[in-house]
Amino acid sequence: MLFRSEIPYNADCGIRINGESMSPDYPDGAIVWVKQTTEVKYGDEVIAILNGCPYFKIYERDGLQSINPEYPVIKIYDDDRISVFGKVVGVYTDNIK
């Protein structure tokens with residue numbers, strides 16, 4: 001994972017993070033660099049779309065997990081609609097105040 005201001009060569013886009021669920025590694029206002037792919041494995045940090053809502057989380061067997069322990073795991077049920085937009089490949093935090 002890159003933690004610098006450069007855009008990774010394999011990034012397809014950048015997405016600004018809103019919220020503290022992935023803090024302290026990804027603070028509110030950071031930009032995550034994303035490689036668009038649907039090929040992910042458990043433990044990957046992903047941008048997932050669950051029932052029409054985007055989430056930046058860790059993809060785990062028991063659901064979508066945050067780094068910040070104050071946030072519960074988002075369980076995924078059989079009737080949920082989930083797709084993966086991409087895998088996080090870097091972060092830009094130099095612009096955070």
Side-chain angles (χ1 to χ4, degrees):
M1 185 67 57
L2 297 175
F3 286 87
R4 56 183 182 225
S5 61
E6 299 171 11
I7 299 173
Y9 73 93
N10 59 342
D12 293 309
C13 65
I15 298 174
R16 185 172 303 278
I17 300 306
N18 183 14
E20 299 292 333
S21 70
M22 295 298 278
S23 289
D25 295 358
Y26 303 93
D28 183 39
I31 296 172
V32 292
W33 302 116
V34 180
K35 175 181 174 46
Q36 287 185 275
T37 183
T38 57
E39 296 179 22
V40 297
K41 62 186 183 314
Y42 294 124
D44 284 346
E45 295 170 338
V46 301
I47 303 296
I49 312 298
L50 179 62
N51 297 322
C53 295
Y55 293 93
F56 169 38
K57 300 289 180 193
I58 302 168
Y59 178 64
E60 294 290 357
R61 288 187 194 279
D62 60 346
L64 300 175
Q65 188 171 23
S66 300
I67 292 173
N68 186 333
E70 294 182 25
Y71 290 78
V73 173
I74 299 172
K75 302 285 186 185
I76 301 170
Y77 299 99
D78 290 339
D79 59 341
D80 284 332
R81 292 174 294 120
I82 185 165
S83 63
V84 174
F85 175 79
K87 182 176 173 179
V88 173
V89 295
V91 63
Y92 175 71
T93 58
D94 291 349
N95 63 332
I96 298 174
K97 297 177 182 172

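Around the CG atom of Asn18, the shell of radius 6.0 Å holds no more than 12 heavy atoms that belong to other residues, nucleotides or ligands.
The two residues Trp33 and Gly14 have their closest heavy-atom pair at CE3-CA, 3.6 Å. Closest approach of Ala30 and Val91 over heavy atoms only: CB-CG2, 3.9 Å. Nearest heavy-atom pair, Ser23 versus Ile67, reported as atom, atom and distance to 0.1 Å: O-CG2, 3.6 Å.
Connection of Val46 to Val32 is not established within any shared hydrophobic cluster, with ILVMFWY side chains joined at heavy-atom distances below 4.5 Å, either directly or through further cluster members. When the side chains of ILVMFWY residues are joined at heavy-atom separations under 4.5 Å, either directly or via intervening members, Val88 and Val84 end up in two distinct hydrophobic clusters. Follow the hydrophobic side-chain contacts under 4.5 Å out from Met22 and you reach Ile15 in the same cluster.
Applying the side-chain hydrogen bond (donor to acceptor under 3.5 Å, both in side chains) criterion to Gln36, with sequence neighbours excluded, gives no partner residue. For Thr37, the side-chain hydrogen bond (donor to acceptor under 3.5 Å, both in side chains) criterion is met by no residue, not counting sequence neighbours. Every salt bridge (Lys or Arg N to Asp or Glu O under 4.0 Å) that Lys87 has, sequence neighbours left out, goes to Asp44.
Residue Thr93 holds its OG1 atom at 12.0 Å from CD1 of Ile17, rounded to the nearest 0.5 Å.
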Less than 3.5 Å apart, which donor and acceptor atoms pair up between the side chains of residues 47-65 and the rest of the protein, not counting sequence neighbours?
residue	atom	partner	partner atom	Å
Asn51	OD1	Arg81	N	2.8
Asn51	ND2	Asp80	OD1	2.9
Lys57	NZ	Ser21	OG	3.0
Lys57	NZ	Ser66	OG	2.7

Donor-acceptor pairs under 3.5 Å, side chain of residues 71-78 to any protein atom, not counting sequence neighbours: which ones?
none

